[in-house]
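What follows is a set of notes on a single structure, which appears directly below.
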Amino acid sequence: MIHEQAAPQRGWLMATLVAQLAFGLLAMTICLPSMQAWSLIFDASQASVQLTFSGYVVAYGGMQLVYGPLSDRLGRKPILMTGLTLAGAGSVLGALAPDLWTLVVARVLQGAGCAAGMVVGRAMVQDVFADSERTRMMAFIGMSMGVCPPLAMLVGGQLHVRLGWQANFWLMAGLAATLLVIAWRIVPTRRSDASLPAPGWQALFAGYARLARVPAFLLFATVLAATTATFYAFLGGAPIVLAAYGVGPEQIGWYIMCIPGAYIVGNVLTARLAHRLGDRGLMALGQVATLGGLCLMLALALAGWHTPLALALPLVVLGIGNGLLVPPALTGTVGLIPAFAGSAAAVAGLMQQMTGAVSGFLVGLVPHHGPVNLALQMMAWSIAGLAAQVVLYRYFLRRA
């Protein structure tokens, strides 16, 4: 069992898993600065260009639903290696894409491959850690992953300007090959528990039916999905708003990093406060901060403060809130039924990415000459998360 590994070996394993989790976020965001130019390069509408983002997110979420039970039954390692192979193939196709629709297909293939790292990484946190240590580990993972979107956009913008947009896809292809070798050397194969159903597709997905009968799981997953949709609305809409302010591809990452950078701070606070406040206390504090940041962003926009900093700085508060909210919510999803940790991670991931895809696409359907429309869309998703969290608290109170 993975629980019995020596501490140094477990440390290398968790470092590898963080890298696998981060790879999906890097692939998702590294080409966002190039989306400003794709409408001109491919002579396409902005809504069509947004499909490269939404297509990635849909595949990223949908394939988690397949990888989750397969990783519970067949083991973590083969599923992870299969996903990395797909992600590498999608990256090469993206680099060679002659038109927008080929690029959309490439992004879908990328997302389908990267989904394996998300499922396996989250499930193995359940495999390795227990109780409050699991929440703390989710927070440490969040700190690392919080760096990914701004770093990817900074690197992506610079590569776009200096080497062309295709360079970002070649970089991801190289990273996929590197991570494939690392996974082959380090990640163990986790065999299925005896309590799991016998092989067969119907039995393989039986865990989803069991999870669907657990209200707390569905509510935890809804909180995660709404929080993700809020962030993806920002990722999809911020480049458009910033372009209206004269911010180019090479500068976007500096403003985008406001939420992920603050998210790291929130995860640091989560690691320190997990024992004191507990999961539900952390989630309540995170939700208050999230809505507070959005209210400030909207207030500044309505007051006529149409500058890049007026968009970015209020969202520092939102980022801290997300950092407090997400780790305990993730712990809640994978920890309720440990034998189905992979399936639970898959359902939660699917809900996150599907709502994220919808959110990212909706952003392209309304004008964004200023941040008002973006703030309203983000606030709508955040309020949905708050509603799910209130119902979740009432559920636990009734069972107490």
Side-chain angles (χ1 to χ4, degrees), residues 24-60 87-114 148-176 231-257 308 353 356-369 373-374 377:
L25 288 179
L26 289 173
M28 180 188 298
T29 54
I30 195 169
C31 63
L32 290 184
S34 300
M35 289 174 64
Q36 290 183 343
W38 284 346
S39 58
L40 294 176
I41 293 173
F42 296 114
D43 190 25
S45 67
Q46 187 63 50
S48 296
V49 170
Q50 289 295 125
L51 289 174
T52 61
F53 180 73
S54 297
Y56 178 100
V57 172
V58 168
Y60 190 52
S91 299
V92 172
L93 179 61
L96 301 175
D99 53 58
L100 181 63
W101 298 112
T102 303
L103 188 59
V104 171
V105 172
R107 291 286 281 160
V108 169
L109 190 58
Q110 261 191 331
C114 290
C148 294
L151 178 62
M153 295 188 75
L154 285 172
V155 172
Q158 296 299 320
L159 288 176
H160 175 96
V161 171
R162 288 167 170 75
L163 300 176
W165 62 267
Q166 296 93 337
N168 289 314
F169 287 94
W170 288 120
L171 175 61
M172 297 314 299
L175 287 176
F231 179 55
Y232 281 19
F234 170 75
L235 287 180
I240 304 173
V241 176
L242 291 170
Y245 293 156
V247 178
E250 72 278 12
Q251 299 170 316
I252 285 178
W254 297 108
Y255 294 100
I256 295 294
M257 71 187 302
Q353 303 311 321
V358 172
S359 177
F361 181 72
L362 290 177
V363 162
L365 300 181
V366 297
H368 293 287
H369 304 298
N373 288 340
L374 178 60
Q377 285 183 277

Looking only at heavy atoms, which two atoms of [X] and [Y] are closest? And how far apart?
| X | Y | value |
| --- | --- | --- |
| P308 | Y255 | CB-CE2, 3.3 Å |
| A59 | V108 | CB-O, 3.2 Å |
| S91 | M172 | OG-CB, 3.6 Å |
| L26 | A152 | CD2-CB, 3.7 Å |
| Y56 | G24 | OH-O, 2.6 Å |
| L374 | A238 | CD2-N, 3.9 Å |

Drop me the distance from [X]'s [atom1] to [Y]'s [atom2], to the nearest 0.5 angstrom.
| X | Y | atom1 | atom2 | value |
| --- | --- | --- | --- | --- |
| Y245 | I240 | OH | CD1 | 12.5 Å |
| I41 | S34 | CD1 | OG | 7.0 Å |
| I30 | L171 | CD1 | CG | 4.5 Å |
| D43 | W38 | CG | CH2 | 16.0 Å |
| L103 | Q110 | CG | CD | 8.5 Å |
| F53 | C31 | CZ | SG | 9.0 Å |

Practice task
Report the C-alpha distance between T102 and L93 in whole Å, list the side-chain angles of each, state the deciding distance to 0.1 Å, and finish with yes or no for side chain to side chain contact (heavy atoms under 4.5 Å, CB included).
Solution key: CA-CA 8 Å; T102 303; L93 179 61; 4.0 Å; yes
Handout entry: L100 side chain near T52 side chain, heavy-atom distance below 4.5 Å
Key =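 A side-chain contact under 4.5 Å exists here.
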Problem - Any donor-acceptor pair under 3.5 Å from R107 side chain to M28 backbone - result: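 Yes; judged by distance alone, with no hydrogens or angles, the pair exists.
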Exercise for the section: Show your reasoning for whether side chain to side chain contact (heavy atoms under 4.5 Å, CB included) applies to W170 and L163. Expected result: CA-CA 11 Å; W170 288 120; L163 300 176; over 6 Å; no
Practice task
Before giving the answer on side chain to side chain contact (heavy atoms under 4.5 Å, CB included), spell out for L159 and W165 the whole-Å C-alpha distance, their side-chain angles and the decisive distance to 0.1 Å.
Solution key: CA-CA 7 Å; L159 288 176; W165 62 267; over 6 Å; no
